[in-house]
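Nothing here was measured: the structure is a model prediction, and the numbers come from that model. Just so it is clear: chains get the letters A, B, ... in the order the sequence lines come, proteins before strands, and each one is counted from 1. Side chains included, hydrogens not; waters and symmetry mates left out as well; all remaining heavy atoms used.
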Amino acid sequence: MEKLLAGLNEPQREAVLHTEGPLMIIAGAGSGKTRVLTFRIAHLLAKGVDAFNILSLTFTNKAAREMKERIEKLVGTDARNLWMGTFHSVFARILRAEAEKLGYPSNFSVYDTDDSKSLLRSIINEMQLDDKLYKVNGVLSRISSAKNRLITPNEYLNNPILMSDDENANRPKLGLIYKAYAERCFKAGCMDFDDLLFNTCKLFHLHPDVLNKYQRRFKYIMVDEYQDTNYVQYMITRQLSAINNNICVVGDDAQSIYAFRGADISNILNFEKDYPDLYVVKLEQNYRSTKNIVHLANSVIKHNQAQLRKDVWTDNEEGNLIELIKATSDNEEGRIVAQSIFEEKNQNHWKNADFAILYRTNAQSRAMEEALRRLNIPYKIIGGLSFYQRKEIKDLIAYLRYTVNHNDEEAFKRIINYPKRGIGDSTVSKIVVTAVDNGVSIWEAMMNIERFMPGRVANAVTEFTDLVRGFELAVQTKDAYDAANQIAKESGILKELYEDKTVEGMARYENLQELLNAIKEFAEDKEREDRTIGAFLQEVSLLTTTDEKDGEENNDKVTLMTIHMAKGLEFKQVYVVGMEEDLFPSQMMMQSRADLEEERRLFYVAVTRAEKKLTLSYALTRYKYGRLHQCEPSRFLQEIDARYLYVPKKTSQQDMMADDYFSAMTKLGGPQSGFNIKRKEPPKPTPAAGMAEHVPSPNFKPSDTSLLKAGQRVEHPKFGFGEVVMIDTGGNEKKAKIMFDTVGEKTLLLSFAKLMIL
DNA sequence: CTATCGCACTGTAGT
DNA sequence: AGTGCGATAG
């Protein structure tokens, strides 16, 4: 252990050795956070703490797995009993043991996002609401944020602020949808992802003895990526640590990039208030990047207001200046980047795997892919559809789920007529209606179908129930693999796919075989206590893209991914592409969310992935929904301290300055036929450049909305002129609704910094 | 019950 | 432009 500690700097060592009492580690980018965390746990174990008493919460399964491996390397098999995992996986496990206390079956299924959406769609239909007004995505995110703030359906319905919000948004029934949704999930014996945390809190609240049991068990609690936790996660950790008070949170407020899914940066900003005797360690030395990269990152993030004082510095070499590339189009941007990778690779003797191309949205990968393929540069794309999101996989999983839990409504809907067995929508709704009328479950109704729907349909339904009962028997008597195999065969899925001789069909068949292999591995894993289908389903429902194995031998590939996926990774050279206004920072974010501070943190995360070289690029035109659009450079390029930037003389491969190219194109009335340039709409009443600093009015402090009065005229650089129509200052959130003359109504949260009172 | 047509969407991500 | 889902017609 001493040997290990010798390699650490002073704050790192402090973080490792400070084991008793609350601790907050503010870990800047590239400051050796993972190392500190693993050493800290190893140190606890070396001190004689039982692994059984340590709980370590991470943000992804992958992070948990990697950390566990590292610790096992340090301390050996002592690490076996560590509880290490995501919030969801850890508390799903606890809920599985305690579910009955909340009225759930212990084999509850977990709804994924698609299941949730499908259920919501049914509910919105059944309530005869306008699905254009009640969009599934919007409704789901509203319900999700309510659950993340521990608001029950009834509390929602009794909350005047939420209700008036909904009314103003013309969606007064949202609370009722939430209530119906929660009831349906409960009846189906299912939890969605948010329920796993919500119900954990509920369990602890209703059963203090259970809470006490786990409080005494988890003597040491660690939370990684604390800046990305939401309110319910905050409550869980707070309650669990209430007795022993040994809680250690690690995070970096400058890398909080998940507000859009409910992460609450104030968790980390206000942590001090909850634990007065808190000890704070700041890891500020960056070991990853050159001075130029670190300075550039700092020069942008300093524009943010909400942050902890932190000063990231590095001892590393100065390094190259950051290259800024201007391209005429997204396709040319791709060509230049691919060409650059080709040249840099030879020049520095780097591998393909030393390069990453980062972008804001997945759609941007296309141009990059084409260019790389043209130069025969191998690449891999991280993200996109995961294995477990594929239709054929979800179908078989749905059969398994339904076999285990006959109340699982979404699984039922998926499999009842797939493969086709003559039970269509009308039959299904008749069954559902009968079940509801008689107060029995759908399953029971189907078991008695001859009584109310005798005839041909009844036979089909009985065949189906017999089939499922056979599966049930198989699950009880055989091991997971044999049972799954039987289900795949007898359900007819396997046959259906086998008969499809198209390329896609063959791929689907192979995917199914791969799923069966995965079940086989699971069933034969001797280290696992619970090797049933139920346990498999639970694990699989919490698995994602990043958790899947690479599987390929040749891993020397250029990595393409979104900035979000890049967090925690590092590459010798990084290209951040698409540095254009409205794309990065994203227009959508700017309309709905706090403001551009999160986008700025996203930029910070992107550039700090680079070790040696960093290249930024933007295009002047870009394809969007099949049409060519005109773009403007991102405001972030203006915020960068110019000292760190360098613009190569020749940026266009056609040896033509991009500006000339574009003006030539527009003079000709657009490029050749088939092109259809969508001109950017002229900026609203703001200065011509569209990038000039907007000076806030002197009487108006950003984020202080109390100065706004209904009826006031205001101006916003993005949305133009408008009128304040409503303010509510209830709770912590200050909100104002502004009716903009051209854009319509906007609810602004924190973006008041740019708002002028006229 | 199935096939086809038309419309809407097109955002980052983990569980 | 392309896809995927839902509604409607057959």
- Item | I381(A) CD1 - dA13(B) C1' separation (whole Å) | 17 Å
- Task: Determine: side-chain N/O of R360(A) to OP1/OP2 of dG11(B), distance under 4.0 Å, yes or no.
- Result: no
- Query: Hey, is the side chain of T427(A) poking within less than 4.0 Å of OP1 or OP2 on dC1(B), counting only N and O atoms?
  - Reply: yes
- Message: Is the base of dT15(B) stacked against the aromatic ring of F87(A), taking ring centres under 5.5 Å apart and planes under 30° as the test?
- Response: no
- Message: Applying a 4.0 Å non-hydrogen cut-off, can you work out what K117(A) is touching in the nucleic acid: base, sugar-phosphate, or nothing?
- Response: nothing
- Which part of the nucleic acid, if any, lies within reach of K420(A) when heavy atoms closer than 4.0 Å are counted: base, sugar-phosphate only, or nothing? sugar-phosphate
- Expressed in angstrom and rounded to an integer, what is the separation of N362(A) atom CG from dG14(B) atom C1'? 14 Å
- Query: If we ignore angles and hydrogens, is there a donor and acceptor under 3.5 Å between the side chains of Y111(A) and S541(A)?
  - Reply: no
- Can you figure out which of dT2(B), dT15(B), dA13(B) approaches the side chain of N417(A) most closely? dT2(B)
- With the side chain defined as heavy atoms from C-beta on, F260(A) is closest, among dG11(B), dT15(B), dA13(B), to dA13(B)
- Could you tell me how the ring of F584(A) sits relative to the ring of F603(A): parallel (under 30°), tilted (30 to 60°) or perpendicular (over 60°)? tilted
- Task: Answer with base, sugar-phosphate or nothing: what part of the nucleic acid does I257(A) contact at a heavy-atom distance below 4.0 Å?
- Result: nothing
- Message: Distance check needed: dG11(B) C1' versus L583(A) CG, whole Å only.
- Response: 11 Å
- Item | Option among T152(A), D194(A), D195(A), N199(A) that satisfies the side-chain hydrogen bond (donor to acceptor under 3.5 Å, both in side chains) test with K147(A) | D195(A)
- Message: Around atom NZ of K394(A), are there more than 12 heavy atoms from other residues, nucleotides or ligands closer than 6.0 Å?
- Response: yes
- Message: So that I know where these two stand, are H564(A) and F260(A) an aromatic pair - ring centroids less than 6.0 Å apart?
- Response: yes
- Query: Can you find a side chain N or O atom of N230(A) that sits less than 4.0 Å from OP1 or OP2 on dG14(B)?
  - Reply: no
- Query: For N148(A) and dA13(B), what is the distance between atoms CG and C1' respectively, to the nearest whole Å?
  - Reply: 14 Å
- Message: For a quick check, tell me whether the side chain of T113(A) and the base of dT15(B) share a donor-acceptor pair closer than 3.5 Å.
- Response: yes
- L602(A) vs F59(A), nearer the 5' end of DNA chain B by closest nucleotide: L602(A)
- Query: Taking for each residue the nucleotide of DNA chain B with the nearest heavy atom, is it E599(A) or H88(A) whose nucleotide lies nearer the 5' end?
  - Reply: E599(A)
- Report yes if a side-chain nitrogen or oxygen of N137(A) is closer than 4.0 Å to either non-bridging phosphate oxygen (OP1 or OP2) of dG11(B); otherwise report no. no
- Message: Measure OH/Y623(A) against P/dG2(C) and give the value in whole Å, please.
- Response: 12 Å
- Give the rounded distance in Å between these two atoms: CG of L95(A) and P of dT15(B). 17 Å
- Message: Measuring only the P atom in each nucleotide, how far is dA13(B) from dG2(C)? A whole number of Å is fine.
- Response: 24 Å
- Task: Would you indicate, yes or no, if dT12(B) has its OP1 or OP2 atom less than 4.0 angstrom from a side-chain nitrogen or oxygen of K567(A)?
- Result: no
- What is the distance, rounded to the nearest whole Å, between atom CZ of R96(A) and atom P of dT15(B)? 19 Å
- Distance in angstrom units between I94(A) CD1 and dT15(B) P, rounded: 17 Å
- Message: Ignoring hydrogens and geometry beyond distance, is a side-chain donor-acceptor pair present between S144(A) and S141(A) at under 3.5 Å?
- Response: no
